[in-house]
Every structure is written in C-alpha cells, then in structure tokens.
Enquirer: 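I'd like to ask some things about the structure below.
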Amino acid sequence: MDRESARMEENMTNRELIIELEKERDLTDTGFHQLLHDLTQEDREFLFARARDIREREYGKAVFVRGLIEFTNICRNDCFYCGIRKSNTKVDRYRLSPEEILGCAREGYGLGFRTFVLQGGEDAWYTKDRLADVIRMIKKDFPDCAVTLSVGERTREEYMCWYEAGADRYLLRHETADESHYQLLHPAQMSLQSRKECLYILRDIGYQTGAGFMVGSPGQTVDNLISDLRFLQELRPHMIGIGPFLAHKDTPFAGETDGSYEQTLILLGILRLMFPGVLLPATTALGTIAPDGRERGLLAGANVLMPNLSPVGVRKKYELYDNKICTGEESAQCRDCLSRRVESVGYRIVTDRGDCRDYFSNPSQGRIPHKT
C-alpha cells in the first residue's frame with residue numbers, strides 16, 4: 001500500500017473503513033486500530049450487516065453443525081488459562097474408549113450431524129495408531145461424514161497417518177501470534193514457533209485447517225490482535241475459531257477479567273469481511289458469556305455451531321473455563337434447542353458436511369500478501 005493510500009485511509013470514517021475492508025479484504029494497522037477502538041453501536045450494526053451479506057452470499061442461510069466429542073481431558077500441557085492443564089489436580093480425569101467414541105458418532109449421525117470433531121487434551125494413550133483406528137472406524141460406518149481432529153501439537157508423521165486414515169480437518173488454535181504474549185500464556189517448554197509450524201504442516205499435508213485466538217486474554221493488546229489477523233492472512237486457514245477468554249477458578253489466571261463479548265463480535269465481523277468463504281463458528285464460549293451469544297455470533301457473520309455429543313456423564317469434566325453451557329443436556333435436546341435458536345435469528349441448521357467454499361475454489365497452499 002503506497003503512502004498516499006495510507007493517508008487516505010487514515011482520514012476515513014469507520015463506515016468508510018468497513019467498506020474498504022469489504023472491498024480489499026485488508027486495512028493498514030492504523031485502520032484496524034480504528035475499527036478495534038472506536039466503533040459506535042451504529043458502526044457495529046453496519047459492520048454486522050455487511051458481514052451477514054457476505055456470509056449469505058457464500059453460504060446462504062445455512063448453519064453447519066459439528067458434533068463435538070470431547071474424548072479425553074488428560075493433557076501433557078500446562079497452559080496457564082486452561083482448566084484441564086496438567087497441574088490442575090482437582091480435575092476428574094477421564095478417557096473415552098474407541099467404542100464409546102463410535103457410539104457418540106452413531107448417536108450424532110441419527111440426529112443429522114455430518115461432521116464429528118474429536119477434541120481432547122494431548123493424551124499420550126491415544127497414540128498415532130490408536131487414533132488412526134478410531135478415524136477408520138468412523139469413516140467405515142459413516143463414509144459421508146467429515147472427521148475433524150483437535151488434539152494439539154503432534155509430529156508430521158502423526159498428522160500424515162491420521163490424514164491417510166481419513167481425517168479431513170484439523171483445528172489448532174494458535175491463541176496468540178505475538179511471541180511475548182504467547183510466553184505470558186504458556187509454560188517455557190511451549191513455543192509459538194512450534195505451534196505455527198504445526199499449522200503450516202497441516203495445510204501442506206492437505207487438511208482443511210483451522211486456527212484461531214482468544215479475545216481478551218491476560219496481557220492482550222490491540223497490537224496483539226492485529227498480529228493475529230496478520231498471521232491468519234499468511235496462513236489462509238479454512239476455519240477460524242475465536243472466542244472470549246473465560247477464566248477458570250483452578251488456573252493461574254483465576255482472578256483475571258473475562259474477555260469482551262462485544263470485541264469478540266466485532267472481530268467475527270472483521271474476519272468475515274477479510275475471509276469471505278471461511279468457516280466461522282459461534283463458539284460455546286460466546287454462549288457462556290452471554291445468554292444469546294451464539295445467536296449474536298451468527299448475526300455478526302458466523303456460520304458454524306459445535307454442539308456437544310459427548311456422554312452427559314463426562315461433559316462437566318471437560319471444563320476449559322468456568323460455567324460452560326450445555327453440560328447437562330442430552331444430545332437430542334441440545335440439537336433441538338439449537339435449531340430453535342438458529343431459526344429465531346433467520347437461519348437454519350442443515351444436514352451437510354459443511355466444507356469450506358474456498359477449499360474447493362482455491363486449493364492453493366500459498367500465502368497472500370498484506371498491507372504494511
């Protein structure tokens with residue numbers, strides 16, 4: 001971006017910046033600062049309206065649901081914000097068997113789910129081969145379904161094995177793209193470089209890849225958020241998962257203030273303008289911080305929901321943050337409740353794998369430039 005264009009952007013109103021972002025899918029850092037600092041309620045509603053128009057152009061009124069199976073809360077990591085961190089001795093640990101995981105998928109299939117998300121801590125019992133066997137079982141019984149994995153940082157060999165077994169997607173939130181901020185949130189043995197390398201390996205292998213970050217995590221600045229947007233521009237993920245930081249009482253961040261609900265919605269709108277075809281969830285964390293959080297997320301540009309298919313008896317044990325919603329509902333109850341909520345804001349849940357449009361129209365693994 002040349003200097004004259006940058007000067008023009010600096011003189012734009014918030015609405016003009018939103019229109020510019022929709023047109024160019026990018027702003028200067030100064031432009032992003034303005035949008036993340038200075039939006040009025042009217043500006044926010046304009047942003048959300050533009051985001052809705054784009055998501056409806058790409059996906060119509062469809063909302064995709066992913067059946068979330070939280071199959072283990074055992075984790076080798078000690079992330080300071082996470083309720084199932086290794087050092088939390090108050091967690092009631094559990095691990096679902098492969099047969100129990102398949103049972104969850106069977107129940108979900110009957111409810112109309114066509115994507116299953118296997119999410120868990122970095123549990124050493126689930127080796128490369130054991131998890132590959134689970135993937136094959138699901139694919140054998142439900143060949144029309146997508147399998148998404150979310151099991152953290154692993155080796156290229158493991159990622160490749162699971163991909164060859166039939167896994168379609170992989171979720172690995174980077175949490176923050178700023179090195180010093182990453183170190184504030186994680187123990188010394190974890191590194192941002194390693195996290196980013198995993199994401200690029202996943203894309204290189206051929207996974208539909210998801211990254212994302214917390215909004216309002218301890219020590220986060222607007223510059224950190226802009227770094228997150230820049231990293232996503234480089235990675236070009238198929239899925240972006242963001243949600244407000246929510247404190248857990250048994251972590252080092254127990255006394256920290258929760259992230260901003262309003263800022264999360266603004267970032268959802270910005271992300272939809274930047275990445276028109278991306279799969280963008282309205283997360284459980286949004287529904288936890290506000291009663292209508294997921295509905296408002298859909299109205300800000302999101303198009304994915306991830307209801308819980310885990311056995312009711314273990315849902316409270318997979319508590320990444322305090323007061324997580326939907327821990328006592330049966331899967332069918334949760335599905336029916338979500339359908340009503342989605343319809344209340346003008347959308348509809350569909351029985352569909354819900355693949356990323358960009359994944360088919362632009363499979364290039366290359367990076368895209370951004371403005372400086």
Side-chain angles (χ1 to χ4, degrees), residues 62-74 83-84 91-121 123 126 134-135 137-142 144-151 169 171 241 243 246 248 281-298 302-345 347-354:
V63 173
F64 304 121
V65 289
R66 316 312 199 187
L68 181 62
I69 304 172
E70 296 165 334
F71 68 97
T72 177
N73 69 352
I74 298 167
I84 63 170
V91 176
D92 184 3
R93 303 290 178 177
Y94 75 92
R95 177 189 296 125
L96 299 184
S97 68
E99 293 74 22
E100 287 173 314
I101 295 172
L102 188 62
C104 294
R106 186 173 297 113
E107 180 181 9
Y109 191 87
L111 293 170
F113 293 93
R114 295 298 179 265
T115 288
F116 303 114
V117 181
L118 307 187
Q119 178 173 293
D123 181 352
Y126 266 102
V134 173
I135 296 164
M137 288 192 322
I138 294 174
K139 283 292 194 173
K140 178 177 178 292
D141 286 5
F142 311 108
D144 56 332
C145 292
V147 172
T148 301
L149 301 179
S150 181
V151 292
R169 308 180 187 131
L171 304 176
L246 298 175
H248 189 285
T283 60
T284 302
L286 258 182
T288 298
I289 201 170
D292 62 345
R294 287 175 294 182
E295 294 95 311
R296 293 299 301 273
L298 295 175
N303 65 328
V304 174
L305 295 171
M306 297 175 66
N308 205 327
L309 289 179
S310 308
V312 172
V314 303
R315 291 186 191 180
K316 290 184 182 295
K317 300 176 183 179
Y318 200 88
E319 190 178 63
L320 307 183
Y321 46 81
D322 289 338
N323 304 313
K324 180 181 170 186
I325 59 171
C326 298
T327 56
E329 293 182 329
E330 297 290 346
S331 298
Q333 290 176 319
C334 188
R335 173 68 161 76
D336 291 344
C337 174
L338 273 185
S339 292
R340 291 192 297 272
R341 286 175 172 267
V342 169
E343 290 166 6
S344 76
V345 291
Y347 295 103
R348 58 185 177 85
I349 287 177
V350 295
T351 300
D352 194 303
R353 278 173 48 113

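In this chain, residues are counted from 1 in sequence order.
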Enquirer: If you round to the nearest 0.5 Å, how far is CD1 of Ile135 from CG of Leu118?
Expert: 7.0 Å
Enquirer: Side chains of Lys317 and Arg93: closer than 4.5 Å at any heavy-atom pair?
Expert: no
Enquirer: Hey, are the side chains of Val134 and Leu102 touching, using non-hydrogen atoms and a 4.5 Å cut-off?
Expert: no
Enquirer: Looking at Tyr318, is its backbone amide N or carbonyl O close enough to the side chain of Asn73 to form a donor-acceptor pair, meaning the two atoms are under 3.5 Å apart?
Expert: no
Enquirer: Given the rule in the side chain to side chain donor-acceptor pair (under 3.5 Å) test, do Lys316 and Thr327 qualify, once you have shown the distances and angles that lead to the verdict?
Expert: CA-CA 6 Å; Lys316 290 184 182 295; Thr327 56; 3.1 Å; yes
Enquirer: To the closest 0.5 Å, what do you measure between CD (Glu330) and CZ (Arg335)?
Expert: 16.0 Å
Enquirer: What I'd like to find out is whether the side chain of Arg95 reaches to under 4.5 Å of the side chain of Asp123, using heavy atoms alone.
Expert: yes
Enquirer: As a quick check of understanding, evaluate salt bridge (Lys or Arg N to Asp or Glu O under 4.0 Å) for Glu295 and Arg340, giving each step before the final call.
Expert: CA-CA 10 Å; Glu295 294 95 311; Arg340 291 192 297 272; over 6 Å; no
Enquirer: Should Ser331 and Leu111 count as side-chain neighbours, where that means a heavy-atom distance under 4.5 Å?
Expert: yes
Enquirer: What closest approach, in Å, do Ile325 and Thr288 show between heavy atoms, and which atom pair accounts for it?
Expert: N-OG1, 3.5 Å
Enquirer: From Met306 CE over to Phe64 CZ, what is the distance, rounded to the nearest 0.5 angstrom?
Expert: 14.0 Å
Enquirer: Can you confirm whether Tyr321 sits close enough to Thr284 that some side-chain heavy atom of one is under 4.5 Å from a side-chain heavy atom of the other?
Expert: yes
Enquirer: Do Arg353 and Arg169 have side chains that approach each other closer than 4.5 Å (heavy atoms only, starting at C-beta)?
Expert: yes
Enquirer: Are the side chains of Tyr126 and Val151 in contact, using a 4.5 Å heavy-atom criterion?
Expert: no
Enquirer: Is any side-chain heavy atom of Phe116 less than 4.5 Å from a side-chain heavy atom of Cys104?
Expert: no
Enquirer: Hey, does the side chain of Arg315 reach the backbone of Ser310 with a donor-acceptor pair shorter than 3.5 angstrom?
Expert: yes
Enquirer: Quick one: pull up CG in Asn323 and CD1 in Ile289 and give me the separation to the nearest 0.5 Å.
Expert: 11.0 Å
Enquirer: Which value, rounded to the nearest 0.5 Å, describes the distance between His248 atom NE2 and Asp322 atom CG?
Expert: 5.0 Å
Enquirer: Can you tell me how far apart CG (Asn303) and OH (Tyr347) are? Round to the nearest 0.5 Å.
Expert: 9.5 Å
Enquirer: Would you say the side-chain atoms of Lys139 pair up with the backbone N or O of Cys145, donor to acceptor, closer than 3.5 Å?
Expert: yes
Enquirer: Check this for me, if you would: do Arg106 and Glu99 make a salt bridge, where the nitrogen-to-carboxylate-oxygen distance has to be below 4.0 angstrom?
Expert: no
Enquirer: What are the two closest non-hydrogen atoms of Val63 and Val342, and how far apart are they?
Expert: CG2-CG1, 3.9 Å
Enquirer: Whether Arg114 engages the ring of Tyr109 as a cation-pi pair (distance to the six-membered ring centre under 6.0 angstrom, angle to the ring normal within 45°) should be assessed.
Expert: yes
